[in-house]
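As structure tokens, the structure follows; a few thoughts come after it.
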Protein chains: 2
Amino acid sequence: MSNYPINDAEELAALFKALSNPHRLKIFIGLARCCRPGQACAPSMRACVGELGDGLGLAPSTISHHLKELRHAGLIHMKRAGQHVECWADPEALARLSEFFHFAGGDASELAAFAEAHDKTMGEQR
Amino acid sequence: MSNYPINDAEELAALFKALSNPHRLKIFIGLARCCRPGQACAPSMRACVGELGDGLGLAPSTISHHLKELRHAGLIHMKRAGQHVECWADPEALARLSEFFHFAGGDASELAAFAEAHDKTMGEQR
DNA sequence: TGGATAATTCGACATGTTTCGAAATATAGA
DNA sequence: TCTATATTTCGAAACATGTCGAATTATCCA
């Protein structure tokens with residue numbers, strides 16, 4: 001985290017904005033599930049627009065709108081396959097996001113313990 | 001990514017929403033910079049509201065509003081210290097976000113190469 | 001070619017967000 | 001207590017977002 005280039009903030013915020021809607025996030029998680037080394041987002045694993053809408057209770061036009069947002073953010077890709085349109089997560093975008101938070105991983109629990117101990121003695125604002 | 005509990009989507013989306021505004025993201029990055037094992041968010045490292053506004057060109061009331069959003073999302077903590085209010089990033093929230101994207105890290109480049117090769121031959125939608 | 005299915009675009013509406021300035025509150029220090 | 005400084009709350013204005021249904025476009029298959 002300490003060396004992350006701060007001028008990327010605008011671009012990064014756009015990624016977060018795309019994931020800030022619960023419906024869009026669910027769509028993205030659904031796509032990202034099959035997008036990993038080994039399964040490798042093979043065409044057979046990709047979801048089409050209609051499938052992504054199932055269980056979300058949204059109109060097709062709304063799903064389409066959300067997919068467009070995810071695509072413009074560079075989080076997913078789409079390609080026509082006959083009557084359907086295949087969707088899959090962009091592994092590079094996933095990697096970028098992973099990298100951003102990487103610095104906070106690992107020993108963060110140590111830090112959390114410190115902060116908690118501090119708050120107990122000092123009293124935290126509500 | 002494959003085993004991430006999808007019912008957390010609402011909660012997770014709220015975290016992303018808090019980071020989806022460039023100004024808020026910059027504030028958060030500024031705070032997260034000092035929030036890591038070793039430096040450990042010591043009180044002397046924490047920023048106050050006024051400092052966070054410097055360089056952002058926003059009215060104090062706007063900074064205050066953004067900090068409230070970050071606090072409600074659980075991304076930062078605030079505590080009054082005399083005339084000032086100290087702010088620091090929540091290391092647990094950082095860890096949660098890190099964990100979410102962890103599954104995409106590592107061999108994602110392999111996957112990216114696969115996707116690119118596929119798009120070149122099949123033609124991707126614009 | 002014509003009908004069926006899948007997806008997108010468009011227009012509209014309700015709701016939410018970002019921002020400010022003014023007023024209110026909190027704290028330190030003379 | 002009074003004043004200066006820091007921060008928050010409030011109200012308002014401009015703008016963006018999420019959603020739908022209707023109309024349009026794309027593709028397959030008979």
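Here the structure is a predicted model, which is why all the values come from computation and not from measurement. Lettering of chains follows the sequences in order, A, B, ..., and the numbering in each one begins at 1.
For A/K68, the side-chain atoms get nearest to C/dT9 when compared with the rest of C/dT9, C/dA6, D/dT8. Checked against D/dT7, C/dT17, D/dT9, the side chain of B/H84 finds its nearest nucleotide in D/dT7. For A/R24, the listed nucleotide lying nearest its side chain is D/dG18; candidates were C/dT8, C/dT9, D/dG18. Checking C/dT8, C/dA4, D/dT8 against every side-chain atom of A/V49, the shortest atom distance belongs to C/dT8.
Rounded to a whole Å, the CD atom of A/Q83 is 10 Å from the P atom of D/dT27. B/I27 places its CD1 atom 11 Å from the P atom of C/dT18, with the value rounded to the nearest Å. Rounded to an integer number of Å, the gap from NE2 of B/H72 to P of C/dT17 is 13 Å. A straight line from CD1 of A/I76 to C1' of C/dA7 spans 13 Å, rounded to a whole angstrom. Taking atom CG of A/L67 as the reference point, atom P of C/dT9 lies 11 Å away to the nearest angstrom. Rounded to an integer number of Å, the gap from A/L56 CG to D/dC20 C1' is 15 Å. We find that CZ of A/F16 is positioned 22 Å from P of D/dA16, with the value rounded to whole Å. Rounded to an integer number of Å, the gap from CD of B/E86 to P of D/dT7 is 11 Å.
Within the 4.5 Å cutoff, no side-chain heavy atoms of B/L67 are placed close to those of B/R71. For the pair A/E51/A/E86, no side-chain contact is recorded, criterion being any heavy-atom separation below 4.5 Å from C-beta on.
Between B/W88 and B/H77, the two ring planes are parallel [angle under 30°; tilted spans 30° to 60°]. Ring geometry for A/F16 against B/F16 counts as parallel: the plane angle stays under 30°, on a 0 to 90° scale with 60° as the upper cut.
Between the A/S20 side chain and the A/K17 main chain, a donor and an acceptor come within less than 3.5 Å of each other. The backbone N or O of B/I63 sits nowhere less than 3.5 Å from a side-chain atom of B/R24 that would complete a donor-acceptor pair.
Residues A/A81 and A/S20 each lie close to DNA chain D; by heavy-atom proximity, the contact nearer the 5' end of the strand is made by A/S20.
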request  = May I have the step-by-step check of side-chain contact (heavy atoms from CB on, under 4.5 Å) for B/D90 and B/I76, ending in yes or no?
outcome  = CA-CA 5 Å; B/D90 182 321; B/I76 67 167; 6.0 Å; no
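Dashed line: the shortest gap from a side-chain N or O of A/K17 to OP1 or OP2 of D/dA16 is not under 4.0 Å.
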N/O to N/O distances under 3.5 Å, protein versus nucleotides 19-25 of chain C:
{"unit_1": "C/dT19", "atom_1": "OP1", "unit_2": "B/H23", "atom_2": "ND1", "d": "2.9"}
{"unit_1": "C/dT19", "atom_1": "OP2", "unit_2": "B/H23", "atom_2": "ND1", "d": "3.4"}
{"unit_1": "C/dT19", "atom_1": "OP2", "unit_2": "B/H66", "atom_2": "NE2", "d": "2.6"}
{"unit_1": "C/dC20", "atom_1": "OP2", "unit_2": "B/A59", "atom_2": "N", "d": "2.9"}
{"unit_1": "C/dC20", "atom_1": "OP2", "unit_2": "B/T62", "atom_2": "OG1", "d": "2.7"}
{"unit_1": "C/dG21", "atom_1": "N7", "unit_2": "B/S61", "atom_2": "OG", "d": "3.4"}
{"unit_1": "C/dG21", "atom_1": "O6", "unit_2": "B/S61", "atom_2": "OG", "d": "3.1"}

